[in-house]
2 protein chains.
Amino acid sequence: MKTTRNTTAKTAVLEIFGKSKTALSHTEIYKLTADLCDRVTVYRILDRLVNDDIVHKIVGLDGTVKYAKCHHAHPVTIHNHAHFSCENCLEITCLESVKPSYIIPHNYKVNDINFTLSGLCPNCLNSNI
Amino acid sequence: MKTTRNTTAKTAVLEIFGKSKTALSHTEIYKLTADLCDRVTVYRILDRLVNDDIVHKIVGLDGTVKYAKCHHAHPVTIHNHAHFSCENCLEITCLESVKPSYIIPHNYKVNDINFTLSGLCPNCLNSNI
DNA sequence: TGTATATTTGCAACAAAATTGCATTAAGCA
DNA sequence: TGCTTAATGCAATTTTGTTGCAAATATACA
């Protein structure tokens with residue numbers, strides 16, 4: 001079986017996730033590592049983290065891909081919670097408490113869910129933009 | 001005020017949308033126009049159509065961007081319905097009837113919603129893949 | 001602690017997707 | 001029909017993500 005190793009680059013990326021309250025894009029993460037490793041390496045670390053369910057991938061309404069650390073008490077197969085994508089500051093945050101309810105047509109098999117709301121986050125709403 | 005013109009390219013793109021039951025990517029649309037216009041023009045037409053709320057933009061779980069014509073009887077500001085993204089055939093279809101219900105935290109202002117389910121569509125489910 | 005081995009990484013090259021600037025074309029109105 | 005301005009084509013560029021392979025290094029185990 002393929003085991004996953006704890007490298008310095010991976011540790012650094014995890015630390016970055018720990019410090020950030022919002023979801024981060026590959027580019028943002030790469031910049032925050034400050035030339036610790038190659039661009040490609042960051043892509044591969046993210047792939048592994050997503051695979052190991054340590055981080056989850058979020059796609060914004062505009063198509064931008066971001067990543068955020070999961071806060072599940074236990075591992076889950078479906079990340080059934082909403083994300084908020086702010087149109088002003090472009091930040092994406094997890095709304096862990098917002099779970100959508102819906103009725104699936106019976107002839108579809110659902111494996112994953114992406115529920116993203118966009119608009120203005122509390123910060124930008126206060127700034128009256 | 002900026003007016004929107006009905007060009008041959010725009011008409012062709014709209015016709016393509018009319019014929020398609022699933023959402024289409026920029027590349028697919030461009031190919032279907034069969035060299036009627038430049039790749040860039042297709043991007044710009046799609047931008048305009050999205051802006052005019054004639055077409056809406058759908059982002060798949062993998063980050064792929066697709067477009068579909070809206071079928072609203074009346075113009076709406078929020079496209080509050082689900083989309084289904086098939087992992088096998090990669091098609092994205094609108095599930096017009098599936099409307100998510102959810103509770104928004106009061107300090108957020110929601111302008112748009114993206115609710116995408118992914119898994120296997122009825123076709124691929126039948127093929128036992 | 002040292003060594004074997006399989007995972008990670010860096011580098012370079014590539015591919016796809018999207019954007020921008022500018023000169024030219026054409027849609028729609030008077 | 002002619003005028004104004006939106007729309008287009010083209011070329012160049014940026015951004016984003018992928019792949020192959022040799023070198024580096026984390027981990028298990030003797």
Side-chain angles (χ1 to χ4, degrees), chain A residues 1-17 23-68 85 87 90-92 114 116, chain B residues 1-17 23-68 85 87 90-92 114 118:
Chain A
M1 178 199 145
K2 247 198 163 182
T3 56
T4 266
R5 295 183 181 175
N6 276 321
T7 64
T8 42
K10 183 182 162 189
T11 310
V13 169
L14 278 175
E15 204 166 306
I16 288 168
F17 275 121
L24 300 168
S25 68
H26 163 268
T27 312
E28 290 167 327
I29 295 165
Y30 174 58
K31 279 180 186 159
L32 286 169
T33 57
D35 277 324
L36 176 83
C37 64
D38 195 73
R39 225 167 46 86
V40 181
T41 303
V42 175
Y43 274 113
R44 297 197 262 224
I45 289 174
L46 290 172
D47 277 353
R48 263 179 286 150
L49 291 177
V50 168
N51 241 280
D52 295 350
D53 267 317
I54 296 167
V55 149
H56 65 282
K57 191 174 175 179
I58 308 160
V59 179
L61 282 200
D62 50 352
T64 51
V65 175
K66 301 221 174 183
Y67 301 85
S85 168
E87 290 166 357
L90 302 179
E91 281 192 350
I92 295 187
N114 185 9
T116 308
Chain B
M1 177 199 146
K2 245 196 165 183
T3 56
T4 268
R5 294 182 184 176
N6 277 321
T7 63
T8 43
K10 183 182 161 189
T11 309
V13 170
L14 278 176
E15 204 166 307
I16 289 168
F17 275 121
L24 301 168
S25 69
H26 163 268
T27 311
E28 289 167 326
I29 295 165
Y30 174 58
K31 280 179 185 159
L32 286 170
T33 57
D35 276 324
L36 176 82
C37 65
D38 196 73
R39 247 182 69 251
V40 182
T41 303
V42 175
Y43 275 114
R44 296 197 262 227
I45 289 173
L46 290 171
D47 278 351
R48 263 179 286 149
L49 291 178
V50 168
N51 241 281
D52 295 350
D53 267 316
I54 296 168
V55 149
H56 65 284
K57 192 175 173 178
I58 308 160
V59 179
L61 283 200
D62 51 351
T64 49
V65 176
K66 301 222 175 183
Y67 302 85
S85 169
E87 290 165 357
L90 302 179
E91 281 192 351
I92 295 187
N114 186 6
S118 81

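Residue numbers begin at 1 in each chain, while the letters A, B, ... track the order of the sequences. Every value quoted in this text rests on a predicted model; they were computed, and no experiment measured them.
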* Contact under 4.0 Å: Thr4(A) side-chain N or O vs dT8(C) OP1/OP2 -> yes
* On DNA chain D, nearest-nucleotide positions of Ala9(B) versus Val40(B): which is more 5'? -> Ala9(B)
* Structure fact -> Which of Ile45(B), Leu24(B), Leu36(B) passes side-chain contact (heavy atoms from CB on, under 4.5 Å) with Val13(B)? It is Ile45(B)
* Between C1' of dA6(D) and CZ of Arg5(B), the distance in whole Å -> 4 Å
* In whole angstrom, give the distance that lies between atom CG of Asp62(A) and atom P of dT16(D). => 11 Å
* Asked: In whole angstroms, how far is the P atom of dT25(C) from the CG atom of Asp38(B)?
  -> 15 Å
* Mapping Thr41(A) and Asn6(B) onto DNA chain C by nearest heavy atom, which one lands closer to the 5' end? -> Thr41(A)
* Return the value, rounded to whole Å, for the distance between atom NZ of Lys10(B) and atom P of dT8(D). => 9 Å
* Asked: With a non-hydrogen cut-off below 4.0 angstrom, is Leu46(A) in contact with a base, only sugar-phosphate, or nothing?
  -> nothing
* Structure fact -> Rounded to whole Å, the NZ-C1' distance (Lys66(A) to dT16(D)) equals 14 Å
* To do: Test for a donor-acceptor pair under 3.5 Å between the base of dA7(D) and the side chain of Arg48(B), counting only N and O atoms.
  => no
* Among dC11(C), dG17(D), dG9(D), which is the nearest nucleotide to the side chain of Cys37(B)? -> dG9(D)
* To do: Let me know the distance between CG of Asp52(A) and C1' of dT7(C), rounded to the nearest Å.
  => 13 Å
* To do: Answer yes or no: is there a side-chain heavy-atom contact under 4.5 Å between Lys66(A) and Glu28(A)?
  => yes
* May I ask you to say what Thr8(A) touches in the nucleic acid, namely base, sugar-phosphate or nothing, with a heavy-atom cut-off under 4.0 Å? => nothing
* Structure fact -> Among dT8(D), dT19(C), dA26(C), the one nearest any side-chain atom of Tyr43(B) is dT19(C)
* Remember a base hit wins even if backbone is also touched, and classify Arg44(B) as base, sugar-phosphate or nothing at under 4.0 Å, heavy atoms. => base
* Separation of Tyr67(B) atom OH from dA17(C) atom P, in whole Å? -> 12 Å
* Asked: Hey, which of these two, Thr7(A) or Asp47(A), hits DNA chain D nearer its 5' end, going by closest nucleotide?
  -> Asp47(A)
* Side chains of Phe17(B) and Leu46(B): closer than 4.5 Å at any heavy-atom pair? -> yes
* Side chains of Val59(B) and Asn114(A): does their closest heavy-atom pair fall under 4.5 Å? -> no
* Asked: Between dT9(C), dA18(C), dG17(D), which nucleotide has the shortest distance from any of its atoms to the side chain of Val65(A)?
  -> dG17(D)
* Structure fact -> For Ala23(B) and Ile58(B) the tightest heavy-atom approach is CB-CD1, 3.9 Å
* Asked: Side chains of Ile54(B) and Arg48(B): does their closest heavy-atom pair fall under 4.5 Å?
  -> no
* **Nearest to side-chain heavy atoms of Arg39(B), which nucleotide of dT27(D), dG28(C), dA18(C)** => dA18(C)
* To do: Measure from CD1 on Ile45(A) to P on dG17(D) and round the result to the nearest Å.
  => 15 Å
* Structure fact -> The nucleotide from dG9(D), dT5(D), dA18(C) with an atom nearest the side chain of His26(B) is dA18(C)
* Asked: So does Thr27(B) get a side-chain nitrogen or oxygen closer than 4.0 Å to the phosphate oxygens (OP1/OP2) of dA17(C)?
  -> yes
